[in-house]
Amino acid sequence: MHYVLRDNKGQIIALSAKPFRVGVEEKLSSNHAEVKEFLEQGEPNAATKVFLAQSDGDLSRILEDLIDLLIDKNMILFTELPRQAQQKLLYRKRARAALSNEAGLLDEQETL
């Protein structure tokens, strides 16, 4: 199944494994004629752009985890990163910690 994004003419302009946004949740199977037609057009630009935009967050998290791993293994020092990179990583780590605590995913005595 694919989530479908349509233009104002009703034509499919992108497909995704996840909803594009709240309220845009039309699903069609891979065998649906419109999906097949869209995929056969050879115009992957819109779908590719959507995929890249959606995967940016996942890739960011992977890079954060990789940086944490390198720091934990003493392969790099956090202070060796540019100041702006340090700040961004700390802000994201704090935001994730706040969400985790809010959702009750961490015990009160656990630390990140």
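Note that this is a predicted model, so its numbers are computed, not measured.
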Ignoring hydrogens and angles, write down the donor-acceptor pairs under 3.5 Å from the side chains of residues 1-16, residues two or more places apart or on other chains.
from  : atom 1 : to    : atom 2 : distance (Å)
His2  : NE2    : Ser30 : OG     : 3.0
Arg6  : NE     : Glu26 : OE1    : 2.8
Arg6  : NE     : Glu26 : OE2    : 3.4
Arg6  : NH1    : Gly10 : O      : 2.7
Arg6  : NH1    : Glu34 : OE2    : 2.9
Arg6  : NH2    : Glu26 : OE2    : 2.9
Arg6  : NH2    : Glu34 : OE1    : 3.1
Asp7  : OD1    : Lys9  : N      : 2.9
Asp7  : OD1    : Gly10 : N      : 3.0
Asp7  : OD1    : Gln11 : N      : 2.8
Ser16 : OG     : Lys18 : N      : 3.0
Ser16 : OG     : Lys18 : O      : 2.8
Ser16 : OG     : Gln54 : OE1    : 2.8
Ser16 : OG     : Gln54 : NE2    : 3.1

Transitive ILVMFWY side-chain link Leu66 to Leu90, under 4.5 Å
yes
When clusters are formed by joining ILVMFWY residues with side-chain heavy atoms under 4.5 Å apart, either directly or through shared neighbours, do Leu89 and Leu70 land in the same one?
yes
In chain order, what residues pass the side chain to side chain contact (heavy atoms under 4.5 Å, CB included) check against Lys88, with sequence neighbours excluded?
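Counting only residues at least two positions away or on another chain, Lys88 forms no side chain to side chain contact (heavy atoms under 4.5 Å, CB included).
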Under 3.5 Å, side-chain donor or acceptor atoms of residues 75-86 against the rest of the protein: list the pairs with distances, not counting sequence neighbours.
from  : atom 1 : to    : atom 2 : distance (Å)
Glu80 : OE1    : Leu77 : N      : 2.8
Gln86 : NE2    : Phe78 : O      : 3.4
Gln86 : NE2    : Thr79 : O      : 3.3
Gln86 : NE2    : Leu81 : O      : 2.7

Once salt bridge (Lys or Arg N to Asp or Glu O under 4.0 Å) is applied, what residue pairs with a partner in residues 59-74 remain, sequence neighbours excluded?
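For residues 59-74, and leaving out neighbouring residues, the salt bridge (Lys or Arg N to Asp or Glu O under 4.0 Å) pairs sorted by first residue read Arg61-Asp65, Glu64-Arg92, Glu64-Arg96, Asp68-Lys93.
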